[in-house]
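Following: one structure in structure tokens, then a few remarks.
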Amino acid sequence: MVMFYEACDPALLAPLGEIRTPSIADLFVAKMQGGARPPDTTSAGAPA
Amino acid sequence: MTAVIEARALAKSYGATRALDGASFTVESGRIVGLIGPNGAGKTTALRAILGLTHCEGELTVLGRDPRRQRDELMREVCFIADVAVLPGWLRVSQALEFAAGVHPRFDRARAGDFLRRTDIRMKSRVRELSKGMVTQLHLALVLAVDARLLVLDEPTLGLDLLYRRTFYDTLLNDYFNEQRTILLTTHQVEEIENLLTDVIFIDHGRVALAGAVDALGERYVQLTVTPEQAARERARALP
């Protein structure tokens, strides 16, 4: 399972699995699958 | 940095279809910006609005001008290239250069000629006689010879193989781009150009889904991959 988090301390997520900086392509796919939202209201943790 | 493009609440409909639905974004000077979205997201409509080719509602300023009312002035400082298949097959290379020189006041024919002399393209050749890679090189010659502050590229490498796509972007970056120039481009091949981009604008259903500098996005988002074993372990821990 792959999830994306916004403005979240990576140290908090590290015990849960493998963390890394998403590529632009990964972020794009996640955003498109999560639906369009205004940039300032983008919620964290949208599952990809 | 100064804004090259300021767009606020852009809206455009084609019949019942909302091509742009309140899109707002800013493009700063000296950046390479990818306007990225799925088919029908509103990318081309946004580009057409920026170029003054279509009317839209909302506030739009490009290089300090309103493209809807000051298109002629604006086009002196803008270069636009659609996909590489747009040159007609009957056109000779020399005619393509003459045409560009005739329509763009900042086109430097000598510079285009210098670039083409480094290729196998002959001035007398017709476009239909050129390979797809050569057509790409011809396009690059036309782009590189325009001294524009804003370069707009709409799917510039559509239909090209990997080698020519890479050549196109490498040449653009090394021979054209500098801090006085801004490049706005759309593409479907995000993976190939993400190292080239300084900024991205994701657009979907006519709205901006995400916008920002690539570096900042890397700091803002974290990707977490959880294996089934890790998920099961966490579920077990969460149970009372």
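Letters A, B, ... mirror the listed sequences (proteins, then strands); counts begin at 1.
Comparing B:P228, B:A23, B:G37, B:G206 by heavy-atom pairs within less than 4.5 Å of chain A, the highest count is held by B:G37.
In this structure, no portion of B:L197 lies under 4.5 Å from any heavy atom of chain A. Both the backbone and the side chain of B:V226 come within contact range of chain A, judged by heavy atoms closer than 4.5 Å.
Across all their heavy atoms, B:F115 and B:Q137 have their closest contact at CE2-O, 3.3 Å. Heavy-atom minimum distance, B:L10 versus B:E59: CD2-O, 3.5 Å.
Checked options B:I50, B:L150, B:L151; the residue passing with B:V78 is B:L150 (criterion: side-chain contact (heavy atoms from CB on, under 4.5 Å)).
Between A:R20 and A:E18 no salt bridge is recorded (no basic side-chain N to carboxylate O distance below 4.0 Å).
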